[in-house]
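We count ligands from 1, going down the list as the structure has it; atoms in each ligand are counted the same way.
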Amino acid sequence: MKDYLNKLPKEILDLIYLARDIAAESGMRVYLVGGFVRDLILGVNNLDLDIVAETDGIAFAEKFAHALKAKLIRHRRFGTATVMHRPHLKIDFATARKEFYPAPGHLPVVESGTLKDDHFRRDFTINAMAIDITAGNFGKLMDFYGGTNDLKNKSIRILHDLSFLDDPTRILRAIRFEARYNFHIEPNTLKKMKEAIRIKMLDQVEPQRVRDDLILMLKEKRPLKEIARMKELTGFSFINPKLKVSNRVIGFLKALEKEIVWFEKSQPLRRQIDSWLIYFLGIIDDCSLNVSQEICRKFVFKKGEEKRIIAYKRIGKNFVLRLSKKGLKPSFIFSMLEPISYEVILALKAKHKNSELQKHISDFFEIYNGMKICVSGEDLHGLGLKPGPHYQKIFAAVLNAKLNGAVKNREQELDLIIQKLKEKR
Ligand code: ATP
């Protein structure tokens with residue numbers, strides 16, 4: 001494993017050496033675990049270090065954060081902690097633990113344990129390997145359950161037959177890893193998964209946990225494969241009992257994906273979109289406003305997420321008709337689209353194939369949105385206007401004129417303001 005480690009970027013390797021030195025000082029056994037080890041073996045980039053310490057992961061995390069002068073974020077509910085180092089490096093810490101599930105789908109009762117116990121509670125063998133980073137053993141791969149073999153055979157395998165009953169969110173995780181790495185869910189795992197699906201185990205889990213794994217799934221690079229696999233295996237009744245994703249909706253999801261790709265390629269400077277939310281709009285496309293509200297309540301989406309979902313559902317035929325007309329003024333198009341989120345606009349573009357609407361939305365992103373005026377508050381002050389809310393009105397009028405091509409530069413903007421002021425007198 002040492003060879004694998006040596007291929008890592010220096011900034012990651014330095015963090016691992018730091019962990020090794022702190023482990024030596026504190027006399028703890030410390031391991032790299034989880035997805036980091038899986039991806040290291042696969043040769044996939046992964047900047048999320050996951051560290052497990054035998055005896056006391058939190059005490060270890062405190063020492064680590066102190067040495068790095070970094071902030072430690074504790075997750076008391078789970079007995080874990082995270083250090084963010086620079087904006088892009090995340091290091092998670094936990095104590096090696098044993099888990100018991102008091103009831104299927106509930107959160108486990110946890111007590112500290114050995115590394116082997118810790119691996120037995122994990123989802124799949126490919127995620128249950130560790131690299132020892134304790135001095136003396138540094139770089140040794142710990143693989144109690146055949147993870148390396150399963151990686152070689154591209155197999156997703158649970159560690160024991162009750163795994164999906166203990167934690168049904170693993171059903172969604174299996175679909176996610178299968179699609180991401182182009183692996184297959186091995187026959188016994190698939191059988192146990194289907195049994196858990198048949199008895200509706202996903203309905204037994206706290207909805208927020210299902211939501212989190214669903215979002216992770218929709219955040220995968222191009223999640224249509226995952227969605228198709230959900231349609232085949234789980235269906236969508238775990239989102240809402242009435243929800244079915246028809247072939248028409250699958251077609252819509254493809255159109256959504258096309259728009260996401262278009263946006264990412266053509267609008268690199270705009271804010272990053274929540275593409276998962278756009279796919280979610282696709283999945284619930286057949287749901288009424290009421291059912292969508294029910295889903296939002298059940299999954300307790302964040303305010304801004306719920307707002308966008310409901311805004312999309314509320315857009316009526318009239319709005320679409322108005323935006324589909326020929327010869328609209330740019331300022332009118334801007335006034336219609338500017339209050340709406342990018343996610344909702346892209347979903348509209350995917351849904352309504354009217355060529356005028358398509359063009360208006362493209363123009364909005366490519367020309368109108370982000371257009372800036374040159375005049376400032378100082379200019380208005382210079383013209384003898386006292387500051388107040390009317391400044392915003394004047395700026396809006398100048399922007400509208402600029403959008404419509406009536407003014408093109410600072411001089412013309414100032415002329416327009418002067419002319420308007422004269423008209424007012
Ligand atoms: P990703 O590459 O998507 O981040 P990951 O494997 O790193 O995948 P995390 O969700 O960060 O996934 O979890 C880290 C590790 O914790 C996993 O590799 C796995 O060992 C374990 N784990 C996560 N969720 C579960 C679960 N529901 N049941 C059992 N073990 C889990």
Side-chain angles (χ1 to χ4, degrees), residues 12 31-53 57 73 75 77-84 88-101 104-110 113 115-131 141-148 150-151 156-183 185 189 192-193 196 201-202 204-221 223 226 276:
I12 303 251
Y31 307 89
L32 292 166
V33 295
F36 181 82
V37 176
R38 175 199 67 219
D39 287 343
L40 188 69
I41 298 174
L42 285 175
V44 172
N45 242 356
N46 187 336
L47 298 181
D48 294 343
L49 284 177
D50 207 345
I51 291 181
V52 155
I73 306 154
H75 316 288
R77 185 176 170 199
F78 300 103
T80 58
T82 303
V83 167
M84 285 307 300
H88 59 291
L89 295 178
K90 183 161 92 60
I91 310 126
D92 284 322
F93 296 88
T95 308
R97 60 192 198 251
K98 245 187 209 160
E99 288 181 351
F100 305 97
Y101 285 83
H106 286 61
L107 285 177
V109 177
V110 172
L115 181 73
K116 193 169 179 191
D117 296 327
D118 191 83
H119 279 176
F120 193 65
R121 70 171 183 89
R122 289 179 185 263
D123 48 1
F124 310 113
T125 57
I126 59 166
N127 290 338
M129 292 180 281
I131 299 173
L141 179 71
M142 313 293 281
D143 178 11
F144 302 107
Y145 299 105
T148 338
D150 282 332
L151 270 188
I156 312 282
R157 184 191 306 275
I158 40 177
L159 286 132
H160 58 86
D161 281 357
L162 297 181
S163 186
F164 291 118
L165 301 183
D166 282 348
D167 182 353
T169 63
R170 291 172 188 163
I171 295 169
L172 300 179
R173 292 177 65 85
I175 292 175
R176 178 155 66 93
F177 291 122
E178 181 192 49
R180 184 199 289 173
Y181 297 114
N182 217 358
F183 280 17
I185 302 171
T189 301
K192 295 295 160 196
M193 186 167 155
M201 282 307 296
L202 275 169
Q204 304 295 319
V205 191
E206 192 189 15
Q208 288 96 312
R209 294 189 53 228
V210 174
R211 172 203 64 197
D212 289 348
D213 268 297
L214 184 62
I215 291 179
L216 284 178
M217 172 121 70
L218 299 180
K219 276 185 175 173
E220 290 289 323
K221 188 99 183 92
E226 285 85 337
W276 73 264

*Asks:* Compute the ring centroids of Phe120 and Tyr145, then answer whether they are less than 6.0 Å apart.
*Replies:* yes
*Asks:* When Ile156 is tested against each of Asp123, Asp150, Ile175, Ile185 for side-chain contact (heavy atoms from CB on, under 4.5 Å), which residue passes?
*Replies:* Ile185
*Asks:* To the nearest 0.5 angstrom, please state how far the CG atom of Asp50 sits from the CG atom of Asn127.
*Replies:* 9.5 Å
*Asks:* For atom 19 (C) of ligand 1, what's the nearest protein heavy-atom neighbour? Residue, atom name and distance, please.
*Replies:* Asp123 OD1, 3.5 Å
*Asks:* So is Asp167 in contact with ligand 1, going by heavy-atom distances below 4.0 Å?
*Replies:* yes
*Asks:* Can you measure from CD (Glu226) to CZ (Phe177) and round to the nearest 0.5 angstrom?
*Replies:* 11.0 Å
*Asks:* Hey, are Arg176 and Glu178 close enough for a salt bridge, meaning a charged N less than 4.0 Å from a carboxylate O?
*Replies:* no
*Asks:* Please say whether Asn127 places an N or O atom under 3.5 Å from an N or O atom belonging to ligand 1.
*Replies:* yes
*Asks:* Based purely on interatomic distance, does Arg122 place a nitrogen or oxygen under 3.5 Å from a nitrogen or oxygen of ligand 1?
*Replies:* yes
*Asks:* Go through ligand 1 atom by atom and flag the ones less than 4.0 Å from a non-hydrogen atom of Arg180.
*Replies:* 1 (P), 2 (O), 3 (O)
*Asks:* With heavy atoms only and a cut-off of under 4.0 Å, state how Glu99 meets ligand 1: side chain, backbone, both or neither.
*Replies:* neither
*Asks:* Run the numbers on Thr125 and Leu151 for side chain to side chain contact (heavy atoms under 4.5 Å, CB included), then give the verdict.
*Replies:* CA-CA 9 Å; Thr125 57; Leu151 270 188; over 6 Å; no
*Asks:* Are the side chains of Ile158 and Lys192 in touch, meaning some heavy atoms are under 4.5 Å apart?
*Replies:* yes
*Asks:* Out of all atoms in ligand 1, which are within 4.0 Å of some heavy atom of Gly34? Include the element for each.
*Replies:* 18 (O)
*Asks:* Establish, from distance only, whether the side-chain atoms of Arg157 and Thr189 form a donor-acceptor pair under 3.5 Å.
*Replies:* no
*Asks:* Out of Arg121, Arg170, Met129, whose heavy atom sits nearest atom 28 (N) of ligand 1?
*Replies:* Arg170
*Asks:* Need the ligand 1 atom indices (1-based, order shown) with element for anything under 4.0 Å from a heavy-atom of Arg38.
*Replies:* 1 (P), 2 (O), 5 (P), 6 (O), 8 (O)
*Asks:* If you measure every N/O of Arg176 against every N/O of ligand 1, is any gap under 3.5 Å?
*Replies:* yes
*Asks:* With atoms numbered from 1 as shown, which atoms in ligand 1 lie under 4.0 angstrom from a non-hydrogen atom of Thr169?
*Replies:* 27 (N)
*Asks:* Does atom 4 (O) of ligand 1 have a protein heavy-atom neighbour under 4.0 Å away?
*Replies:* no
*Asks:* Looking at ligand 1, does Phe177 have a heavy atom less than 4.0 Å from it?
*Replies:* yes
*Asks:* Find out whether Leu107 and Arg209 are in side-chain contact, i.e. whether some heavy atom of one side chain is under 4.5 Å from a heavy atom of the other.
*Replies:* yes
*Asks:* Can you tell which of Lys219, Arg173, Arg209 gets a heavy atom nearest to atom 22 (N) of ligand 1?
*Replies:* Arg173
*Asks:* Which heavy atom of His119 sits nearest to which heavy atom of Phe144, and what is that distance?
*Replies:* ND1-CD1, 3.7 Å
*Asks:* Do Asp39 and Tyr181 have a side chain donor and acceptor closer than 3.5 Å?
*Replies:* yes
*Asks:* Does Asp50 approach ligand 1 within less than 4.0 angstrom via side chain, backbone, both or neither, non-hydrogen atoms only?
*Replies:* side chain
*Asks:* Pick one of side chain, backbone, both or neither for how Asp48 approaches ligand 1, counting any non-hydrogen atom pair under 4.0 Å.
*Replies:* neither
*Asks:* What is the closest protein heavy atom to atom 18 (O) of ligand 1, and at what distance does it sit?
*Replies:* Gly35 N, 3.2 Å
